[in-house]
Amino acid sequence: MNKRKIYPILVLILVVAVYGYEHFLKTEEATIIISEGKKTKENTNEFFLPTSTTGQIVHHKGYSLSYSEPHEQAEWVAYELKKSQLSNTNFDRPYFEIDKAVKTGAADWKNYKNSGFDRGHLCPAGDRRYSKEAHDETFLTSNISPQEHNFNAGIWNNLEQKVRYWASKYDGVFVVTGGVLKGNMETIGYERVAVPNQFYKVLIDTNSGKTKMIAFLMPHENSNKPLYEFVVSVDTIETLTGIDFFPELDDALENKLEASNSYKDWSF
DNA sequence: CTGGTGCGC
DNA sequence: GCGCACCAG
């Protein structure tokens, strides 16, 4: 067979392969979204999603996220922690996997190897112990951020445990968490995963009477201070990150709750 | 609980 | 790559 005959065939194979791969990616993503079931505005998982500053929102069964490709991590991860989901089941920790649902390519876990930083969960594995599937799903690289071990196992861990306490006490809470991806940041690994200088967590409770919010902003370092010392208004975090946290909420209520840095409604 | 490294197969 | 032992805050 001469070159004139073989080139069109090679081109055809290439086109089919690329199309097939794209189709595979879209099919996989669609499956993930459909697998969450019908979403309505009454479903808090959708209702309380923040805005994305990056244009790439990914839905998993147990949480949703907005991925920032330049920083190789999520700008936020959001999920509802229901009281009924609290569990002490001990699943083995699986290996981290690159999140294939991130179209631009989620970070490789190898970036973290020997970096000196923890692979810090944003949606904690401890919040998804109600099934092995949900637990394993938190071990996607789109759900982690580089964290100092003393911070992750220290005050950040304390805050995560407090969230579980509140989920129990207030019959569930909706959680949004992430690193502040602004300013000069150290990077790790060949993909230059950014190391945030601050981390935040925003909570809303709509299940125990009147709607209430609380937000935390923590420097990326361990601390022995009490958790309430890190409470700020939601507005403060919105200004820092450019994220609008509860856009679907009634405007008057949203404005009032997000301006407050009071923690009187939350039991420490 | 939150994580890590090293070793053998 | 996977399972397992062992370590740290």
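Residue numbers start from 1 in every chain, and the chains themselves are labelled A, B, ... in the order their sequence lines are given, proteins ahead of strands. Atom set for the values below is all heavy atoms of this structure, side chains included, hydrogens, waters and symmetry mates excluded.
- As a whole-Å value, the separation of A:Trp156 CH2 from B:dT2 P is 13 Å.
- For A:Phe139 and C:dG1, the CZ to C1' distance is 17 Å, given to the nearest whole Å.
- Atoms CG (A:Asp92) and P (C:dG3) sit 9 Å apart, rounded to a whole Å.
- Proximity of the aromatic rings of A:Phe246 and A:Phe48 is defined here by a centroid distance below 6.0 angstrom, and this criterion is met.
- Atom CG in A:Asp127 sits about 12 Å away from atom C1' in B:dC1, given to the nearest Å.
- Closest to the A:Tyr95 side chain, of the nucleotides C:dC2, B:dG3, B:dC1, is C:dC2.
- Within 4.0 Å (heavy atoms only), A:Gly154 reaches no atom of the nucleic acid at all.
- Comparing A:Lys110 and A:Ala153 by the nucleotide of DNA chain C that holds the closest heavy atom to each, the one mapping nearer the 5' end is A:Lys110.
- One interatomic measurement links the two molecules: CG of A:Asn111 to C1' of B:dG4, which rounds to 17 Å at whole-angstrom precision.
- Here A:Asn114 lies in heavy-atom contact (under 4.0 Å) with sugar-phosphate atoms only.
- Between A:Tyr95 and A:Phe139, the distance separating the two ring centers is not shorter than 6.0 angstrom.
- Applying the 4.0 Å criterion to OP1 and OP2 of B:dT2, one finds that A:His121 has every side-chain N and O outside that range.
- The ring of A:Phe268 has its center closer than 6.0 angstrom to the ring center of A:Trp166.
- Counting non-hydrogen atoms under 4.0 angstrom, A:Asn90 reaches the backbone sugars and phosphates but no base.
- Atom CZ in A:Phe91 sits about 18 Å away from atom C1' in B:dT2, given to the nearest Å.
- Identified under the side-chain hydrogen bond (donor to acceptor under 3.5 Å, both in side chains) test for residues 208-218 of chain A, with sequence neighbours left out: A:Asp205-A:Ser208, A:Asp205-A:Lys212, A:Ser208-A:Lys212.
- Closest to the A:Arg119 side chain, of the nucleotides B:dG4, B:dC1, C:dG3, is B:dG4.
- Atoms CZ (A:Arg93) and P (B:dC1) sit 9 Å apart, rounded to a whole Å.
- Between A:Phe96 and A:Arg129, the residue anchored closer to the 5' end of DNA chain B is A:Arg129, taking for each the nucleotide with the nearest heavy atom.
- Using a 4.0 Å cut-off, some side-chain N or O of A:Asn152 falls inside it from OP1 or OP2 of B:dG3.
- As a whole-Å value, the separation of A:His135 NE2 from B:dT2 C1' is 12 Å.
- For the pair A:Leu217 and A:Gln198, the minimum side-chain heavy-atom distance is below 4.5 Å.
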